[in-house]
Peer 1: 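Sharing a structure here in structure tokens format.
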Amino acid sequence: MAPVGAGLWRTLRAHQVYGANTDVGKTIVSTVLCNAIQNQKQRAAFLKPVSTGALDDADDRHLKRYGAGTLTKCLYQFDEPVSPHIAAKKKSVRDDDLLASIQKTLADWARSDIDFALVETAGGVHSPGPNGNSQADLYRPLRLPIVLVADSRLGGISSSISAYESLLLRGYDIQSVLLFRDEYYQNHEYLRDFFRNKSIPLVPLPAPPTKPLQLDADSRLRDEEAMSSYYQKVSQESEVLRLLEEMSVKNTERIERLEEMASRAHDLIWYPFTQHHGMSAKDITVIDSAHDDYFQTFGSNSSTKPDSELRPTFDGSASWWTQGLGHGNPDLSLSAAYAAGRYGHVMFAGAVHEPALSLADRLLKTLDNPRFTKVFYTDNGSTGMEVAVKMGLRAACDRYGWDASQEKINILGLKGSYHGDTIGVMDCSEPSTYNRKVEWYRGRGHWFDFPLVKMVDGTWKVEIPEELRADLGSDAEFESLNSVFDLKQRLKSDAGQRYKEYIRRTIEDLVQKQGMKFGALILEPVILGAGGMLFCDPLFQRCLTDVVRDHPELFSAENNSPKSTPSWSGLPVIFDEVFTGLYRLGRPTSASFLDVYPDIAVNAKLLTGGLIPLCTTAASQEIFDTFSSPEKSDALLHGHSYTAHAVGCTVAVDSLKTMTEMDVNGSWDGFRADWTSKSTLVASTPDVWSVWSQNLLKDISCADAVESVFAIGTVLSISLRDEQGGGYTSTVAKSLQQKLAVGGDQFNVHSRVLGNVLYLMSSVTSKPDSLQEMERLLRVSLL
């Protein structure tokens, strides 16, 4: 099913009518507004998506009877006077179909002579839709500006404010509030002041005529005359007319703000990872809102499709790898609001609060690493890695008796590694485009070149770098991605022995011949992200870890035996799982693909489902004990003002809980089945799968413009051929990026490139329909 674009038109002022409760007069308010529009010689339309009960009492019939020529429509009518979720049991109505019908109806009206439209909900804000989902969530993709009908009855102040807050938490814009005057309760007086402080106009309306208890022919006629007179009078009140003018102005101002945003941003904002030379305002994507997997972007519609000014744009980078559970996730938003209301932010040094304690406990269970006993909190992946490096180097220096103030301590890693932009972890990467022109950069380490996993012309390959073939052997082909990860078998192979011998000999030469000292092994397990989406042969990373741990003699100083009975051996092993951890690759940890337990691991990105910045660094007890002494200066003197931010910790607990439940309840079984070949299915087969289909990979890997592809978990990487050799400065992927940005009839795609590599990734909640349309766009663009 195609995603729904949010509703915003220049020619049509469309609003959604919500009620603070059932029976608060939504339809009467709608009729008043539509009459007022019609009296101004403009066309009004009324849409009731779902109606229940007798036809004579249907809301759209009421508008047809009293709406002074208002165009009316009801999409789904159920005879039973019950909640829509009960009435719809006999006739299934998919939420996506309902939303699409609303959007199409409004778009058709926008192309016609309709000036003003109201979409009226049923019952209260959280009354269920046909499938039992709260209306506040059901209609959120449309994100129409809201007309809230408040409750004038006893208890109405509370229900009205609650309704307002529920809508606000879901990202709606409440543009106006109306309710009936009641001189006894005077809710309108209180609520006028309340909403005035929110800069939201409130208009009290006279109460409608009392409906007769019994409607015979005469009383029905008198009732209709009274209602007609009521609408004629109230629709001409100055406050109503002024409100409609304000609503019109707000619609125009909203479009004007969106039109100006790109140029204003170009003037005011210094963008990350962006060369501004030659950049213009048209290169900036204007995002009005986001929901599920999609941004709602302004100005991206083609001139041949005068639909909504906003278009759904697939978030193809998962918002820089953070998006896990969908934009605007109401459960996470409520978790954040709860923690903000309970704590705000509280300082953490020497204190504890429940969210931080709960997250530490759940995270350690999720990582399932018997070495880990402690969790350190920071703000983001780079700062978390700073902590990890401090931990690792201190532990190594303590064990081997090195004085880092007198001698240079290096790290071991892989070429193309990237661990963040803070100056400490920047030094843990080889010279590259990211750091070469940073004045304080000093590379401190040795970085191994390594074999790459890729699919070429429909076949999985492990490709050995040309300069390493004498040591590591020739390229190898595999029948499936599962077989690439079958490390139990591959460790016994000739390739495994070659890898280990090459790694051991290299480290020995670096230490003995060049006098280098190493304090930690730092790896991005499986995929090196920012370095270019490099899929490292998992066998090489496993062998590198094994050599480091199995040969502590390689690192100990001459005549200086290391401390005995360590929980870690050789060097502390640090896994940077900021990108690859927490189900990004389809598992709780990417370390599990290597069957390795690191001594230190860093997680961020998906930790909070894409809502709040937060990072954790988990460490073993022995790493922790290294910092324990009577001297304050021996402590890990590192921290951030927002350490263990209570809002972030609360959201992270719920995010981890949700992803864990999805892992065990079969949410991804369809994807797993696509990647499981019956011919290779054995008891020891690794669980390796992707949301991107195997057929897609096989097809596009054979495209003339494609050098190679790979997919695992939510990640898809496409390397384009570049006669100049590729790399981060390559521009060949721009063409594919531009084609996806144009998109198709359903949506376009926001994506990012790393040189000659274009990567795409979904959230863990992405719908198969969306992914299938993404695959269709890729085929059209590449084949």
Peer 1: What class does the angle between the rings of H638 and F376 fall in, given that below 30° is parallel, 30 to 60° is tilted and above 60° is perpendicular?
Peer 2: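 It falls in the perpendicular class, over 60°.
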Peer 1: What's the shortest heavy-atom distance between K390 and L637, and which atoms?
Peer 2: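 Scanning both residues, the minimum pair turns out to be NZ-O, 4.1 Å.
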Peer 1: Would a 4.5 Å heavy-atom cut-off, applied to side chains only, mark D654 and L325 as touching?
Peer 2: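 Counting from C-beta outward, D654 and L325 never come under 4.5 Å.
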Peer 1: Identify the two heavy atoms, one from L697 and one from W675, that lie closest to each other, and give their separation to 0.1 Å.
Peer 2: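 Looking at all heavy atoms of both residues, the closest pair is CD2-CH2, 3.8 Å.
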Peer 1: Donor-acceptor pair, T580 side chain versus I527 backbone, under 3.5 Å?
Peer 2: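 Here the side-chain-to-backbone pair does not exist.
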Peer 1: With a 4.5 Å cut-off on side-chain heavy atoms, are T297 and H750 touching?
Peer 2: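 Side-chain contact under 4.5 Å: no.
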Peer 1: Would you indicate whether the side-chain heavy atoms of I574 and M385 approach each other to under 4.5 Å?
Peer 2: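 Yes. Closest side-chain heavy atoms under 4.5 Å.
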Peer 1: Taking S158's backbone N and O only, do any of them form a donor-acceptor pair with S162's side chain (distance below 3.5 Å, no angle check)?
Peer 2: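 Yes, the answer is positive, given that a donor and an acceptor are paired below the 3.5 Å cut-off.
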Peer 1: Rounded to the nearest 0.5 Å, what separates atom CG in L754 from atom OH in Y759?
Peer 2: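 Here the rounded value is 5.5 Å.
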Peer 1: Could you tell me whether the side chain of H345 and the main chain of S641 form a donor-acceptor pair under 3.5 Å?
Peer 2: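 Yes, the answer is positive, given that a donor and an acceptor are paired below the 3.5 Å cut-off.
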Peer 1: Side chains of M533 and F579: does their closest heavy-atom pair fall under 4.5 Å?
Peer 2: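 In short, these two side chains touch, coming nearer than 4.5 Å.
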Peer 1: Can you tell if the side chain of F298 reaches within under 4.5 Å of the side chain of D288, non-hydrogen atoms only?
Peer 2: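 No, every pair of side-chain atoms sits at 4.5 Å or beyond.
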Peer 1: Would you say Y343 and P355 make side-chain contact, with heavy atoms under 4.5 Å?
Peer 2: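 Y343 reaches P355 side chain to side chain.
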Peer 1: When rounded to the nearest 0.5 angstrom, what distance separates OH in Y139 from OH in Y18?
Peer 2: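 Output value for this atom pair is 7.0 Å.
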Peer 1: Locate the shortest heavy-atom distance separating P312 from G5; write the atom from each residue and the value.
Peer 2: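 Nearest heavy atoms, P312 then G5: CD-CA, 3.7 Å.
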Peer 1: Hey, mind stepping through Q135 and V125 against side-chain contact (heavy atoms from CB on, under 4.5 Å) and telling me if it holds?
Peer 2: CA-CA 6 Å; Q135 290 182 117; V125 166; over 6 Å; no
Peer 1: Are side-chain N/O atoms of N380 and S382 paired as donor and acceptor at under 3.5 Å?
Peer 2: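 Their side chains do not contain a donor-acceptor pair, so the 3.5 Å distance test is not met.
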Peer 1: Which pair of heavy atoms, one from M391 and one from L636, lies closest together, and at what distance?
Peer 2: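 Heavy-atom minimum between the residues: CE-CD2, 3.9 Å.
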Peer 1: Just verifying a value: how many Å separate F314 CZ and N748 CG, rounded to the nearest 0.5 Å?
Peer 2: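 Separation between the atoms: 11.5 Å.
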Peer 1: For E354, does the CD atom sit with more than 12 other heavy atoms under 6.0 Å from it, leaving out its own atoms?
Peer 2: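 Incorrect, the count does not exceed 12.
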Peer 1: Using the benzene-type ring in the case of Trp, are the ring centres of F348 and H353 under 6.0 Å apart?
Peer 2: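 Between F348 and H353, the centre distance is under 6.0 Å.
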Peer 1: I'd like to know if the side chain of Q621 pairs up with that of S567 as donor and acceptor (distance under 3.5 Å, no hydrogens or angles considered).
Peer 2: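 There is no such pair (donor and acceptor under 3.5 Å, judged by atom type) between the side chains of Q621 and S567.
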Peer 1: Any chance you could lay out the side-chain contact (heavy atoms from CB on, under 4.5 Å) test for S590 and L585, step after step, and finish with the verdict?
Peer 2: CA-CA 7 Å; S590 52; L585 305 185; 4.0 Å; yes
Peer 1: Taking 4.0 angstrom as the limit, do D96 and K767 come out as a salt bridge?
Peer 2: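 Salt bridge absent between D96 and K767.
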Peer 1: Between R362 (side chain) and L656 (backbone), is there a donor-acceptor pair under 3.5 Å?
Peer 2: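 Looks like no, no N/O pair under 3.5 Å.
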Peer 1: Taking all heavy atoms of A395 and all of T626, pick out the closest pair and write down the distance.
Peer 2: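 Closest heavy-atom pair between A395 and T626: CA-CG2, 3.7 Å.
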Peer 1: Compute whether any side-chain donor of one residue and acceptor of the other, for S763 and D293, lie under 3.5 angstrom apart.
Peer 2: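 Per modelled atom types, S763 and D293 side chains form a pair under 3.5 Å.
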Peer 1: Spell out, as yes or no, whether a donor-acceptor pair under 3.5 Å connects the side chain of W321 to the backbone of M761.
Peer 2: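 The answer is no, because no donor-acceptor pair under 3.5 Å joins these two groups.
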Peer 1: Is the backbone N or O of I623 less than 3.5 Å from a side-chain atom of S620, with the two atoms forming a donor-acceptor pair by type?
Peer 2: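 Yes, because the side chain of S620 sits within donor-acceptor range (under 3.5 Å) of the backbone of I623.
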Peer 1: Donor-acceptor pair, distance only, cut-off 3.5 Å: does the side chain of E524 make one with the backbone of Y418?
Peer 2: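 Confirmed, E524 side chain pairs with Y418 backbone.
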Peer 1: Are R672 and D687 ion-paired here, with the side-chain N under 4.0 Å from a carboxylate O?
Peer 2: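 Salt bridge present between R672 and D687.
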Peer 1: If you round to the nearest 0.5 Å, how far is OG1 of T650 from CG of L334?
Peer 2: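 If we round to the nearest 0.5 Å, L334:CG and T650:OG1 are 12.5 Å apart.
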Peer 1: Measure the spacing between CD1 of I600 and CH2 of W568 and express it to the nearest 0.5 Å.
Peer 2: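 I600 atom CD1 to W568 atom CH2 measures 9.5 Å (nearest 0.5 Å).
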Peer 1: Less than 4.5 Å apart, side chain to side chain, heavy atoms only: is that true for L740 and L778?
Peer 2: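 Side chain of L740 against side chain of L778, heavy atoms only: contact under 4.5 Å found.
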Peer 1: Any side-chain to backbone donor/acceptor pair from N329 onto D331? Under 3.5 Å, distance only.
Peer 2: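 Side chain of N329 to backbone of D331, a donor-acceptor pair under 3.5 Å: yes, one is there.
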Peer 1: Do S719 and K454 come within less than 4.5 Å of each other through their side chains, counting heavy atoms only?
Peer 2: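 S719 vs K454: side chains apart.
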Peer 1: We want to know whether S319 and D315 form a side-chain donor-acceptor pair, criterion being a heavy-atom distance below 3.5 angstrom.
Peer 2: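 D315 and S319 do have a side-chain donor-acceptor pair below 3.5 Å.
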Peer 1: Establish, yes or no, whether the cationic atom of R587 lies under 6.0 Å from the six-membered ring centre of F593 and within 45° of the ring axis.
Peer 2: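 The answer is yes, since R587 meets both limits relative to F593.
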Peer 1: Are Y434 and F273 near enough that their ring centres are under 6.0 Å apart?
Peer 2: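 Yes; F273 has its ring centre under 6.0 Å from that of Y434.
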Peer 1: Step by step, work out the side-chain contact (heavy atoms from CB on, under 4.5 Å) result for T660 and Y583.
Peer 2: CA-CA 9 Å; T660 300; Y583 296 100; 3.8 Å; yes
Peer 1: Is it true that T378 and H640 share a donor-acceptor pair across their side chains at a distance under 3.5 Å?
Peer 2: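 Judged by distance alone, the side chains do not pair up.
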Peer 1: For the side chain of S429 and the backbone of S417, is there at least one donor-acceptor N/O pair under 3.5 Å apart?
Peer 2: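 A pair under 3.5 Å: yes.
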Peer 1: Return the CZ to CG distance between F575 and L523, rounded to the nearest 0.5 Å.
Peer 2: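 Reported to 0.5 Å precision, the distance equals 5.5 Å.
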Peer 1: Counting neighbours of OH on Y642 that are heavy atoms of other residues, nucleotides or ligands and sit closer than 6.0 Å, is the number greater than 12?
Peer 2: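 No.
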Peer 1: Are any side-chain N or O atoms of Q694 and backbone N or O atoms of D674, one a donor and one an acceptor, separated by less than 3.5 Å?
Peer 2: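 Such a contact is found between Q694 side chain and D674 backbone.
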Peer 1: Might you work through the side-chain contact (heavy atoms from CB on, under 4.5 Å) test for I284 and I269, ending with a clear yes or no?
Peer 2: CA-CA 11 Å; I284 299 172; I269 294 175; over 6 Å; no
Peer 1: If you compare all heavy atoms of S655 against all heavy atoms of G609, which two are closest, and at what distance to 0.1 Å?
Peer 2: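 S655 and G609 have their closest heavy atoms at OG-N, 3.2 Å.
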